[in-house]
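This report concerns only the one structure given below.
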Amino acid sequence: MGVLPNRSNPQIAYIGTANHDDPAKIARFKSRFATTSSARIHLPMSLSAAELARGLDGVDLVYVGGGNTEELVNTWRRNEWDRVLGDAARSGVTLAGVSAGAVCWFDAFLFNSGQGPMRPLAGLGLIPMGACPHYSTETERHAALHKAVADGAMPTTLAIDDGAAVSFENGRPLAICSAAPGAGVHRVKRTYKGTEELTLSLG
């Protein structure tokens with residue numbers, strides 16, 4: 001979310017709240033961004049809001065890992081990380097992520113706890129629409145999402161296939177890219193007949 005850093009050596013920070021700072025995922029982050037940045041830092045979930053704010057000083061991009069989205073959002077709200085990250089976004093820091101780290105920024109997201117039916121939950125509200133991850137690989141999300149949107153439990157929602165990404169600027173979709181054949185982003189909105197799904201095509 002936000003304009004991508006236009007620097008040859010951006011400072012990138014990783015947050016792993018959704019996976020309890022899994023050491024393997026921290027190592028994977030540092031390895032994957034090794035050719036992109038020499039300044040790759042991990043911001044542990046033990047930080048206070050004030051410590052997080054100091055840790056974000058000079059950071060160009062925050063990358064948030066996947067895991068339990070409900071736990072991520074609740075933890076951030078409890079520790080006031082939501083306020084700090086919102087302030088960072090408004091100051092020009094790019095916020096990004098995968099799975100939980102991708103959908104937490106929206107007004108709402110479709111959550112799969114692994115137990116019981118999928119359900120809509122409130123996100124951080126930095127992007128004024130809903131989000132649904134893993135749309136291409138977890139096929140049960142299709143019916144659950146269309147029902148939630150048709151019932152008004154979720155707003156107009158972007159359903160994101162695995163292997164696809166969408167960037168935003170000022171809360172609006174800016175561009176879509178795909179790293180897998182056929183992967184895309186789909187907009188599901190409520191209509192008088194129920195719902196309508198449209199595959200987006202952006203620059």
Side-chain angles (χ1 to χ4, degrees), residues 1-6 10-19 29 41 43 45 47-112 119-135 141 145 148-149 152-161 164-177 185-190 200 202-203:
M1 178 174 62
V3 178
L4 297 177
N6 186 21
Q11 182 165 311
I12 303 173
Y14 173 76
I15 293 176
T17 309
N19 54 66
F29 155 74
I41 62 174
L43 298 172
M45 58 189 298
L47 296 179
S48 67
E51 290 169 333
L52 175 65
R54 289 194 292 271
L56 289 172
D57 186 37
V59 166
D60 299 292
L61 184 147
V62 174
Y63 181 84
V64 181
N68 188 315
T69 323
E70 182 177 32
E71 188 170 335
L72 177 152
V73 170
N74 289 342
T75 299
W76 285 2
R77 286 185 175 132
R78 184 170 61 250
N79 297 337
E80 298 187 25
W81 278 35
D82 56 337
R83 172 182 57 80
V84 174
L85 289 166
D87 289 345
R90 286 183 283 272
S91 72
V93 176
T94 297
L95 305 179
V98 61
S99 190
V103 303
C104 62
W105 316 110
F106 291 73
D107 276 347
F109 56 88
L110 189 66
F111 179 64
N112 179 10
R119 63 189 192 278
L121 293 176
L124 300 179
L126 297 181
I127 299 176
M129 59 182 66
C132 175
H134 310 304
Y135 199 58
R141 286 184 178 273
L145 175 60
V149 172
M154 286 189 71
T156 296
T157 293
L158 293 187
I160 306 168
D161 292 341
V166 54
S167 63
F168 289 81
E169 187 172 8
N170 299 323
R172 298 176 62 88
L174 180 67
I176 291 170
C177 64
V185 177
H186 318 276
R187 183 176 62 206
V188 179
K189 68 177 184 178
R190 189 180 185 184
L200 297 186
L202 301 173

Can you tell me how far CE of Met45 sits from CG of Leu52, rounded to the nearest 0.5 angstrom? 12.5 Å
Roughly how far, to the nearest 0.5 Å, is the OG1 atom of Thr156 from the CZ atom of Arg190? 10.0 Å
By side chain to side chain contact (heavy atoms under 4.5 Å, CB included) - contacts of Met129 (at least two apart): Phe106, Ile127, Leu158, Phe168, Pro173
Of all pairs that satisfy salt bridge (Lys or Arg N to Asp or Glu O under 4.0 Å), the ones with a partner from residues 122-133, not counting sequence neighbours: none
Keeping Asp60 on the side-chain end and Gln11 on the backbone end, is there a donor-acceptor pair under 3.5 Å? yes
Here the gap from Leu200 atom CG to Ile176 atom CD1, rounded to the nearest 0.5 Å, amounts to 4.5 Å
Under the side chain to side chain contact (heavy atoms under 4.5 Å, CB included) rule, what do Met154 and Leu110 come out as? Steps first, then yes or no, please. CA-CA 8 Å; Met154 286 189 71; Leu110 189 66; 4.1 Å; yes
Mind checking the OH-OG1 spacing from Tyr63 to Thr94? Nearest 0.5 Å is all I need. 14.0 Å
Please give me the minimum heavy-atom distance between Ala49 and Val84, naming the atom from each residue. O-CG2, 3.6 Å
Asn19 side chain vs Gly66 backbone, donor-acceptor pair below 3.5 Å: yes
Taking all heavy atoms of Ala164 and all of Val185, pick out the closest pair and write down the distance. CB-CG2, 4.2 Å
If we ignore hydrogens and angles and just use 3.5 Å, is the side chain of Arg187 paired with the main-chain N or O of Thr157 as donor and acceptor? no
Looking at Asp57 and Arg54, is any side-chain nitrogen of the basic one under 4.0 Å from a carboxylate oxygen of the acidic one? no
Residues forming a ring pair (Phe, Tyr, Trp, His ring centres under 6.0 Å) with Phe29, sequence neighbours excluded: Tyr14, Phe33
I'd like to check Leu145 versus Cys132 (side-chain heavy atoms, cut-off strictly below 4.5 Å). Are they in contact? yes
Can you tell me how far OG of Ser167 sits from CG of Leu174, rounded to the nearest 0.5 angstrom? 4.5 Å
Given side chain to side chain contact (heavy atoms under 4.5 Å, CB included), test Leu56 with Leu43 step by step and report yes or no. CA-CA 9 Å; Leu56 289 172; Leu43 298 172; 3.7 Å; yes
Would you say that Val64 contacts Trp105 through its side chain, given a criterion of any heavy-atom pair below 4.5 Å between the two side chains? yes
Looking only at non-hydrogen atoms, find the nearest pair between Gly65 and Ala18 and report the distance. O-CB, 3.8 Å
With heavy-atom distances below 4.5 Å as the criterion, would you say the side chains of Ile160 and Tyr135 are in contact? no
Does any non-hydrogen side-chain atom of Arg172 lie less than 4.5 Å from one of Pro128? no
Shortest non-hydrogen contact between Thr69 and Phe111, atoms and distance: N-CE1, 3.8 Å
Verdict with supporting geometry, Val62 and Ile15, side chain to side chain contact (heavy atoms under 4.5 Å, CB included): CA-CA 7 Å; Val62 174; Ile15 293 176; 3.7 Å; yes
Does Ser48 have any side chain to side chain donor-acceptor pair (under 3.5 Å) partners at least two apart in sequence or in another chain, and if so, which? Glu51
Does His134 have any ring pair (Phe, Tyr, Trp, His ring centres under 6.0 Å) partners at least two apart in sequence or in another chain, and if so, which? none
Would you say Leu85 and Trp76 make side-chain contact, with heavy atoms under 4.5 Å? yes
Contacts satisfying salt bridge (Lys or Arg N to Asp or Glu O under 4.0 Å) that involve residues 63-79 (not counting sequence neighbours) are Glu70-Arg119
Could you report the tightest heavy-atom contact between Pro155 and Ala108, atom names first, then the distance? CD-CB, 4.0 Å
Considering all heavy atoms of both residues, which atom of Val59 and which atom of Ile41 are nearest to each other, and what is their separation? CG2-CD1, 3.9 Å
Give the intermediate values and the outcome of side chain to side chain contact (heavy atoms under 4.5 Å, CB included) for residues Leu126 and Leu95. CA-CA 10 Å; Leu126 297 181; Leu95 305 179; 3.9 Å; yes
Are the side chain of Thr75 and the backbone N or O of Val73 linked by a donor-acceptor pair below 3.5 Å? no
